[in-house]
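What follows is a short report on a single structure.
Being a predicted model, the structure only gives us computed values, none of them experimental.
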Amino acid sequence: QVQLVESGGGLVQAGGSLRLSCAASGRTFSRYAMGWFRQAPGKEREFVASINWSENILYYADSVKGRFTISRDNAKNTVYLQMNSLKPEDTAVYYCAARNPSSRVRAREEYDYWGQGTQVTVSS
(Lines give C-alpha, C1' and ligand atoms only; values in the text may rest on other atoms or scores of the structure.)
Protein backbone atom coordinates (compact mmCIF):
# COMPACT_ATOMS: atom_id res chain seq x y z
CA GLN A 1 0.00 0.00 0.00
CA VAL A 2 1.32 3.43 -0.95
CA GLN A 3 -0.16 6.82 -0.04
CA LEU A 4 0.86 9.85 -2.08
CA VAL A 5 0.67 13.55 -1.23
CA GLU A 6 1.62 16.22 -3.79
CA SER A 7 2.79 19.74 -3.01
CA GLY A 8 4.47 22.67 -4.72
CA GLY A 9 1.76 23.86 -7.06
CA GLY A 10 0.83 27.49 -7.44
CA LEU A 11 0.48 30.46 -9.74
CA VAL A 12 3.41 31.39 -11.96
CA GLN A 13 3.94 33.61 -14.99
CA ALA A 14 4.71 32.12 -18.38
CA GLY A 15 8.42 31.32 -18.63
CA GLY A 16 8.69 30.67 -14.91
CA SER A 17 9.47 27.51 -12.97
CA LEU A 18 7.91 25.35 -10.30
CA ARG A 19 9.01 22.17 -8.57
CA LEU A 20 6.36 19.69 -7.55
CA SER A 21 7.00 17.13 -4.85
CA CYS A 22 5.18 13.90 -4.11
CA ALA A 23 5.75 12.36 -0.70
CA ALA A 24 4.99 8.67 -0.41
CA SER A 25 4.25 6.63 2.66
CA GLY A 26 4.81 2.91 2.81
CA ARG A 27 7.92 0.84 3.09
CA THR A 28 7.74 -0.43 -0.48
CA PHE A 29 8.05 2.92 -2.25
CA SER A 30 11.26 1.98 -4.01
CA ARG A 31 9.60 -1.02 -5.67
CA TYR A 32 7.24 1.18 -7.67
CA ALA A 33 7.75 3.11 -10.83
CA MET A 34 6.39 6.62 -10.40
CA GLY A 35 4.62 8.92 -12.77
CA TRP A 36 3.17 12.39 -13.09
CA PHE A 37 -0.10 13.08 -14.87
CA ARG A 38 -2.09 16.26 -15.35
CA GLN A 39 -5.68 17.15 -16.03
CA ALA A 40 -6.85 20.47 -17.42
CA PRO A 41 -10.50 21.57 -17.15
CA GLY A 42 -12.66 19.71 -19.63
CA LYS A 43 -9.84 17.42 -20.71
CA GLU A 44 -8.80 13.89 -19.92
CA ARG A 45 -5.99 13.15 -17.52
CA GLU A 46 -2.80 12.86 -19.53
CA PHE A 47 0.63 11.36 -18.98
CA VAL A 48 3.47 13.78 -18.25
CA ALA A 49 6.51 11.81 -17.08
CA SER A 50 7.62 8.55 -15.49
CA ILE A 51 10.68 7.23 -13.69
CA ASN A 52 11.67 3.74 -12.64
CA TRP A 53 13.02 2.83 -9.21
CA SER A 54 16.69 3.16 -10.12
CA GLU A 55 16.25 6.51 -11.93
CA ASN A 56 17.84 5.27 -15.12
CA ILE A 57 14.69 4.92 -17.22
CA LEU A 58 12.77 8.12 -17.84
CA TYR A 59 9.81 8.85 -20.08
CA TYR A 60 8.27 12.20 -21.01
CA ALA A 61 5.30 13.39 -22.97
CA ASP A 62 6.39 15.20 -26.12
CA SER A 63 4.69 18.37 -24.89
CA VAL A 64 7.02 18.66 -21.88
CA LYS A 65 10.24 17.10 -23.17
CA GLY A 66 13.19 19.43 -22.64
CA ARG A 67 11.27 21.59 -20.14
CA PHE A 68 10.28 19.17 -17.35
CA THR A 69 12.53 16.82 -15.38
CA ILE A 70 11.34 13.95 -13.22
CA SER A 71 13.51 12.62 -10.41
CA ARG A 72 13.15 10.65 -7.21
CA ASP A 73 14.88 10.22 -3.86
CA ASN A 74 14.16 6.75 -2.55
CA ALA A 75 15.75 7.55 0.81
CA LYS A 76 13.18 10.34 1.27
CA ASN A 77 10.30 8.44 -0.38
CA THR A 78 9.78 11.43 -2.66
CA VAL A 79 9.42 12.01 -6.38
CA TYR A 80 9.84 15.43 -7.97
CA LEU A 81 8.81 17.20 -11.13
CA GLN A 82 10.92 20.22 -12.02
CA MET A 83 8.99 22.35 -14.48
CA ASN A 84 10.82 25.09 -16.38
CA SER A 85 9.78 27.42 -19.20
CA LEU A 86 6.16 27.02 -18.20
CA LYS A 87 3.44 27.86 -20.68
CA PRO A 88 -0.24 28.72 -20.14
CA GLU A 89 -1.15 25.36 -21.67
CA ASP A 90 0.64 23.66 -18.76
CA THR A 91 -2.15 24.86 -16.49
CA ALA A 92 -3.74 21.79 -14.88
CA VAL A 93 -4.08 19.76 -11.73
CA TYR A 94 -0.96 17.62 -11.46
CA TYR A 95 -1.12 14.15 -9.96
CA CYS A 96 1.60 11.74 -8.98
CA ALA A 97 0.94 8.04 -9.21
CA ALA A 98 2.63 4.70 -8.59
CA ARG A 99 2.59 1.57 -10.73
CA ASN A 100 4.11 -1.86 -10.94
CA PRO A 101 7.43 -1.49 -12.80
CA SER A 102 6.42 -4.04 -15.43
CA SER A 103 3.19 -2.28 -16.40
CA ARG A 104 2.66 0.17 -19.25
CA VAL A 105 4.28 3.53 -18.68
CA ARG A 106 1.79 5.99 -20.21
CA ALA A 107 -1.54 4.31 -19.44
CA ARG A 108 -3.24 5.86 -16.42
CA GLU A 109 -5.21 2.64 -15.78
CA GLU A 110 -1.89 0.91 -15.04
CA TYR A 111 -1.25 3.12 -12.02
CA ASP A 112 -2.50 1.64 -8.77
CA TYR A 113 -2.05 4.58 -6.38
CA TRP A 114 -2.79 8.27 -6.85
CA GLY A 115 -2.32 11.46 -4.93
CA GLN A 116 -5.00 14.11 -4.48
CA GLY A 117 -3.41 16.50 -6.98
CA THR A 118 -1.91 19.97 -6.84
CA GLN A 119 -3.03 22.93 -8.96
CA VAL A 120 -0.57 24.59 -11.33
CA THR A 121 -1.69 27.80 -13.01
CA VAL A 122 0.47 29.56 -15.59
CA SER A 123 -0.56 33.09 -16.50
CA SER A 124 0.26 34.65 -19.86
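- Partners of Lys43 according to the salt bridge (charged side-chain N to carboxylate O under 4.0 Å, His left out) rule, which considers only residues two or more places apart in sequence or in another chain, do not exist here.
- Sorted by first and then second residue, the disulfide bond (SG atoms under 2.5 Å apart) pairs involving residues 37-91 (not counting sequence neighbours) form an empty list.
- By the 4.5 Å heavy-atom criterion applied to side chains, Tyr60 and Val48 are not counted as neighbours.
- How far CD1 of Ile70 is from OG of Ser50: 6.0 Å, rounded to the nearest 0.5 Å.
- Checked against side-chain hydrogen bond (donor to acceptor under 3.5 Å, both in side chains), Gln119 has the following partners two or more places apart in sequence or in another chain: Thr121.
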Next item on the list: List the steps and the verdict of side-chain contact (heavy atoms from CB on, under 4.5 Å) for Leu20 and Tyr80.
Entry: CA-CA 6 Å; Leu20 305 183; Tyr80 305 97; over 6 Å; no

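- Taking CG from Asn74 and CZ from Arg31, the interatomic distance works out to 12.0 Å, rounded to the nearest 0.5 Å.
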Next item on the list: Could you go through the side-chain contact (heavy atoms from CB on, under 4.5 Å) check for Val79 and Ile51 one step at a time?
Entry: CA-CA 9 Å; Val79 63; Ile51 185 168; 4.2 Å; yes

Margin query: Assess the residue pair Phe68 and Trp36 against the criterion (side-chain contact (heavy atoms from CB on, under 4.5 Å)); give the C-alpha distance rounded to whole Å, side-chain angles, the decisive distance to 0.1 Å, and a yes or no.
Written below: CA-CA 11 Å; Phe68 291 11; Trp36 286 96; over 6 Å; no

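- Qualifying side chain to side chain contact (heavy atoms under 4.5 Å, CB included) partners for Gln39, counting only residues two or more places apart in sequence or in other chains: Arg45, Tyr95.
- Partners of Glu89 according to the salt bridge (charged side-chain N to carboxylate O under 4.0 Å, His left out) rule, which considers only residues two or more places apart in sequence or in another chain, do not exist here.
- Within the structure, disulfide bond (SG atoms under 2.5 Å apart) pairs that include any residue of residues 31-124 comprise Cys22-Cys96 (at least two apart or interchain).
- The shortest side-chain heavy-atom distance between Arg72 and Asn52 does not fall under the 4.5 Å cut-off.
- Side-chain contact check for Asn84 and Ser17: at least one donor-acceptor pair (N or O, by modelled atom type) lies under 3.5 Å.
- No salt bridge links Asp90 with Lys87; every basic N to acidic carboxylate O contact stays at or beyond 4.0 Å.
- Proximity of Leu81 to Thr69: side-chain heavy atoms (C-beta onward) are nowhere separated by under 4.5 Å.
- Under the ring-ring contact (aromatic ring centres under 6.0 Å, His included) criterion, Phe37 pairs with Phe47, Tyr111, Trp114, sequence neighbours left out.
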Notebook entry, point to check: Does the pair Arg38 and Val64 meet the rule for a side-chain contact (heavy atoms from CB on, under 4.5 Å), with working shown?
Noted result: CA-CA 11 Å; Arg38 67 186 181 185; Val64 306; 3.9 Å; yes

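- Considering only residues two or more places apart in sequence or on other chains, Glu44 meets the side-chain hydrogen bond (donor to acceptor under 3.5 Å, both in side chains) condition with none of them.
- Every residue two or more places apart in sequence or in another chain that forms a side chain to side chain contact (heavy atoms under 4.5 Å, CB included) with Pro88 is listed here: Ala14, Val122, Ser124.
- The side chain to side chain contact (heavy atoms under 4.5 Å, CB included) search around Glu110 returns Ser103, Arg104, Ala107, not counting sequence neighbours.
- Atoms OG and CG, from Ser123 and Leu86 in turn, are 10.0 Å apart once rounded to the nearest 0.5 Å.
- Tyr113 places a side-chain heavy atom less than 4.5 Å from the side chain of Gln1.
- The hydrophobic cluster containing Ile57 also contains Val105, counting ILVMFWY residues as joined when their side-chain heavy atoms lie under 4.5 angstrom apart, directly or transitively.
- Residues passing the side chain to side chain contact (heavy atoms under 4.5 Å, CB included) test with Ser85 are Arg67, sequence neighbours excluded.
- Here Tyr59 pairs with nothing under the ring-ring contact (aromatic ring centres under 6.0 Å, His included) rule; sequence neighbours left out.
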